[in-house]
Peer 1: 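I'd like to ask some things about the structure below.
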There are 2 protein chains.
Amino acid sequence: MASDAQPAPAKQPVTLREVAALAGVSVATASKALNGQGRMTAETRTRIRETAQRLGFRPNSLAQSLLRRRSFTVGLLTNDTYGRFSLPLMAGVSDALVDAGVSVFLCNVEDDPRLAQLHVDAMLDKRVDGIIATGKRIDRHLPVDLANLGIPAIYAFTEPDPNAIAFVSDDAGGARLAVEHFCRLGRRRIAHVSGPASFAVVHARAEAYRAVLAENGLPVMEPLLGYWSEAWGHEAVKTLFDGEGFDGTREKPDAVFCGNDQIARGVIDALRERGIGVPDEVGVIGFDNWQIVAEATRPPLTSVDMNLAALGREAGLALLSLVGGEPALPGIRKLPCRLVVRQSCGRPPDG
Amino acid sequence: MASDAQPAPAKQPVTLREVAALAGVSVATASKALNGQGRMTAETRTRIRETAQRLGFRPNSLAQSLLRRRSFTVGLLTNDTYGRFSLPLMAGVSDALVDAGVSVFLCNVEDDPRLAQLHVDAMLDKRVDGIIATGKRIDRHLPVDLANLGIPAIYAFTEPDPNAIAFVSDDAGGARLAVEHFCRLGRRRIAHVSGPASFAVVHARAEAYRAVLAENGLPVMEPLLGYWSEAWGHEAVKTLFDGEGFDGTREKPDAVFCGNDQIARGVIDALRERGIGVPDEVGVIGFDNWQIVAEATRPPLTSVDMNLAALGREAGLALLSLVGGEPALPGIRKLPCRLVVRQSCGRPPDG
DNA sequence: CTCCCTTGAGAAAACCTTTTCCCAAGTCGC
DNA sequence: GCGACTTGGGAAAAGGTTTTCTCAAGGGAG
């Protein structure tokens with residue numbers, strides 16, 4: 001026989017109709033009882049609730065969505081294949097939304113416009129309440145236009161045009177954090193090695209680097225722009241220590257602020273090979289706080305953390321309020337970074 | 001006025017009813033026309049199709065799902081926070097499903113049973129067609145039971161009980177690939193440095209390592225088990241080169257097969273610091289083929305790739321056929337790894 | 001000229017829930 | 001004792017689509 005003592009393998013989900021029938025009421029009343037709406041005796045309400053509980057009733061979200069015109073789903077579009085940036089961000093988004101019962105479709109669209117359109121269409125068909133777009137790097141845009149989709153769109157860690165809503169890390173602020181930390185530690189010859197000039201963040205950070213040095217009356221060395229790789233970090237060390245040095249004084253750096261953790265790692269490895277002590281002779285600070293790299297570096301790498309999870313959380317909350325109909329001004333919100341101090345930057349001279 | 005020349009900002013999505021009205025037919029006929037069902041004159045069909053096209057009609061997936069009892073969504077559950085393994089896998093899953101119009105909810109549940117249950121419930125409410133579960137490592141299970149959910153579940157890169165359906169990488173095969181490659185290159189003293197003994201894959205790979213050496217009549221050194229970190233790679237090199245060596249012969253290794261790329265990187269760095277040439281004196285092969293690490297290693301690291309994207313694709317296709325009602329035998333399917341040869345393993349002596 | 005069959009298309013039910021409107025019975029005030 | 005109001009609960013529509021059933025018209029066979 002089909003009846004056994006098991007706790008019901010939930011073959012077909014229980015519907016409200018069944019709950020209502022078993023509780024001896026109409027579906028309308030059952031619905032109201034479960035949603036705390038309508039008027040009925042307390043006895044009726046509890047009876048219905050208990051019946052629902054006993055049957056393990058869970059409302060069909062599809063039916064609800066159809067009626068409410070709200071699916072309680074959002075799409076997260078990314079072109080960050082390895083998830084270096086998008087996964088922490090996604091964690092934040094998810095965290096902000098899960099309590100509202102909102103689930104997230106993750107779509108990796110690489111840089112393929114056709115694939116991007118395919119995913120966007122699929123999400124539109126599924127009536128997502130909104131879309132969050134994120135990119136590998138702040139100015140590497142997605143190959144698809146999210147305006148005029150008829151649903152709210154929020155950008156995170158990527159800046160489209162200025163009349164969209166975007167959340168990005170405050171890269172200039174992050175750079176300040178790093179360089180000012182070096183200043184406080186008494187470093188006086190601070191160099192900057194960063195990624196390609198084609199990235200907007202490279203310039204934002206370089207500007208901040210220059211500004212902080214100027215404020216502290218320290219000499220500036222023209223930032224070395226190259227690639228986001230360890231190999232470039234190695235190469236940059238050659239230039240830094242075999243080259244001209246600062247301001248014609250031929251002084252060598254006692255600190256290097258790097259554009260990301262991979263560059264920083266390359267720099268540290270190259271310094272070690274030259275017999276230059278980190279952090280004693282030269283301090284190094286990275287950017288991104290990619291834990292797995294920062295902690296494996298010897299010594300462990302001090303790095304600027306962009307708080308991607310917080311960024312994702314903010315983006316999620318903003319989308320939620322947008323979906324809820326609250327108005328929001330377009331614009332770009334910069335969220336502060338934080339410095340995660342490990343051992344590569346050194347300690348204050350006096351302890 | 002509300003009418004302007006813009007290409008219609010699609011405020012409210014177009015419904016089938018509107019298409020039908022404009023084409024002068026009933027919704028039933030419109031539906032059939034668009035789905036290639038029913039019978040009607042070719043003229044009617046094309047007229048309806050053109051109307052739909054012109055209005056930019058896209059069927060409401062929610063309504064379809066409600067009726068078909070199929071939502072064209074699946075959930076991907078993971079506890080891999082940084083997405084090292086789950087993102088490539090997800091890419092494969094997504095790739096397998098996107099053409100079927102299926103979207104993927106990504107849920108990172110960390111190791112929190114409460115959070116896991118929350119996500120599973122949310123997905124059940126949304127009537128996902130199935131669930132794919134994946135873990136950080138093959139034997140690090142999710143803190144939630146996916147049996148008896150009433151929908152198909154597939155495991156990828158994680159093995160639950162043997163009467164589930166799981167796709168995992170053939171770790172033993174991958175290890176064979178690496179060790180046999182060393183043998184072909186003429187290496188004779190092949191050591192193995194791997195992760196913690198608490199991981200099943202560590203033993204699977206170690207077994208294969210022993211087997212291949214035995215088959216080739218080469219001496220076995222007891223595998224060194226430790227951690228999945230660079231630091232452990234460093235430490236292991238001490239043991240390998242300051243210790244007993246092979247079989248009391250006190251011979252030192254001329255090759256090291258590592259349990260992952262981070263260990264391999266640590267080993268290579270430590271060898272360089274000892275002045276031991278890689279690959280000339282000692283060859284090194286890693287596992288995971290974590291591109292960003294493997295390519296940054298000097299020299300670039302030869303590594304075993306678990307084909308996670310392929311794994312994801314297989315899992316996605318399997319789930320699809322399960323959802324389609326096709327029966328599938330429970331069991332664990334192992335998918336082959338492949339060796340990605342870079343420079344750390346050396347070339348054939350006469351090559 | 002009938003009868004049957006085919007063709008083309010529409011009506012309606014179904015999926016599941018929410019919400020508005022409605023009604024019957026009871027209660028209160030005067 | 002009567003009107004007005006409250007209370008408890010149900011009927012029905014709505015959301016957008018698919019599918020089954022139904023039906024009218026037309027065509028061919030006898």
Side-chain angles (χ1 to χ4, degrees), chain A residues 10-49 51-52 55-73 101 122 124-129 150, chain B residues 10-49 51-52 55-73 101 122 124-129 150:
Chain A
K11 217 58 226 159
Q12 294 285 60
V14 181
T15 70
L16 186 60
R17 191 203 307 266
E18 300 174 58
V19 174
L22 221 76
V25 295
S26 71
V27 285
T29 305
S31 172
K32 283 179 281 197
L34 297 175
N35 294 315
Q37 304 290 318
R39 289 175 314 197
M40 68 200 68
T41 54
E43 190 276 327
T44 305
R45 199 179 288 272
T46 51
R47 177 164 41 91
I48 295 172
R49 288 201 165 144
T51 310
L55 263 47
F57 169 76
R58 313 213 85 220
N60 185 329
S61 186
L62 296 170
Q64 292 182 319
S65 301
L66 193 57
L67 206 52
R68 294 184 178 157
R69 304 187 139 83
R70 180 102 209 269
S71 66
F72 292 89
T73 59
L124 250 27
D125 290 350
K126 281 166 186 129
R127 297 303 189 264
V128 292
D129 298 330
Chain B
K11 219 56 226 163
Q12 293 285 58
V14 180
T15 69
L16 186 59
R17 191 203 308 268
E18 300 174 57
V19 174
L22 222 76
V25 295
S26 70
V27 286
T29 305
S31 171
K32 282 179 284 197
L34 297 175
N35 294 314
Q37 303 291 318
R39 289 177 312 195
M40 65 198 69
T41 52
E43 190 276 327
T44 305
R45 200 179 288 272
T46 52
R47 177 164 41 92
I48 296 172
R49 288 202 164 142
T51 310
L55 263 47
F57 169 76
R58 313 215 83 220
N60 185 328
S61 186
L62 259 27
Q64 292 182 318
S65 301
L66 192 57
L67 205 53
R68 293 185 180 158
R69 308 185 135 84
R70 186 129 165 11
S71 66
F72 292 90
T73 61
L124 250 27
D125 289 351
K126 282 168 184 127
R127 298 301 191 265
V128 293
D129 298 330

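Proteins get letters first, then strands, A, B, ... in listed order; numbering begins at 1 in each.
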Peer 1: Which is it for A/Arg58 and B/Leu124 under the side chain to side chain contact (heavy atoms under 4.5 Å, CB included) test, yes or no, and what are the steps along the way?
Peer 2: CA-CA 9 Å; A/Arg58 313 213 85 220; B/Leu124 250 27; 5.5 Å; no
Peer 1: To the nearest 10 degrees, what angle separates the axes at the start and end of the helix from C/dC1-D/dG30 to C/dC30-D/dG1, five pairs each?
Peer 2: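 The two end axes of the helix from C/dC1-D/dG30 to C/dC30-D/dG1 meet at 60°.
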Peer 1: Taking CZ in B/Arg17 as the centre, count heavy atoms belonging to other residues, nucleotides or ligands within less than 6.0 Å. Is the count above 12?
Peer 2: no
Peer 1: Of all nucleotides in DNA chain D with an atom under 4.0 Å from a non-hydrogen atom of chain A, which is the first and which the last going 5' to 3'?
Peer 2: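 Here the contact window of chain A covers D/dT7 to D/dG16.
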Peer 1: Reading DNA chain C 5' to 3', which nucleotide is the first, and which the last, to come under 4.0 Å of any heavy atom in chain A?
Peer 2: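 Range of nucleotides within reach of chain A: C/dC15 to C/dT20.
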Peer 1: Passes side chain to side chain contact (heavy atoms under 4.5 Å, CB included), A/Asp125 versus B/Phe72? Steps please.
Peer 2: CA-CA 11 Å; A/Asp125 290 350; B/Phe72 292 90; over 6 Å; no
Peer 1: Verify side chain to side chain contact (heavy atoms under 4.5 Å, CB included) between A/Asn60 and A/Thr15, making sure each step is shown before the conclusion.
Peer 2: CA-CA 8 Å; A/Asn60 185 329; A/Thr15 70; over 6 Å; no
Peer 1: Applying side chain to side chain contact (heavy atoms under 4.5 Å, CB included) to A/Arg127 and A/Thr73, what does each step give before you reach the verdict?
Peer 2: CA-CA 8 Å; A/Arg127 297 303 189 264; A/Thr73 59; over 6 Å; no
Peer 1: Can you work out whether A/Lys32 or A/Leu16 has the more 5'-proximal nearest nucleotide on DNA chain C?
Peer 2: A/Leu16
Peer 1: Quick one: CD on A/Gln64 to CZ on A/Arg70, what's the gap to the nearest 0.5 Å?
Peer 2: 11.5 Å
Peer 1: Do any of residues 33-45 of chain A sit with a heavy atom less than 4.0 Å from DNA chain C, and if so which?
Peer 2: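 Contacts with DNA chain C under 4.0 Å: A/Asn35.
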Peer 1: Considering residues at least two apart in sequence or located in another chain, which fulfil the side-chain contact (heavy atoms from CB on, under 4.5 Å) criterion with A/Ser65?
Peer 2: A/Ser61, A/Ser71, B/Leu62
Peer 1: How long is the span from the CD1 atom in A/Ile48 to the CE atom in A/Met40, to the nearest 0.5 Å?
Peer 2: 5.5 Å
Peer 1: Which residues in residues 58-73 of chain B have at least one heavy atom lying under 4.0 Å from any atom of DNA chain C?
Peer 2: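 Nucleic-acid contacts, sorted: B/Leu66, B/Leu67, B/Arg69.
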Peer 1: Report which part of the nucleic acid B/Thr15 touches: base, sugar-phosphate, or nothing (heavy-atom distance under 4.0 Å, all strands).
Peer 2: sugar-phosphate
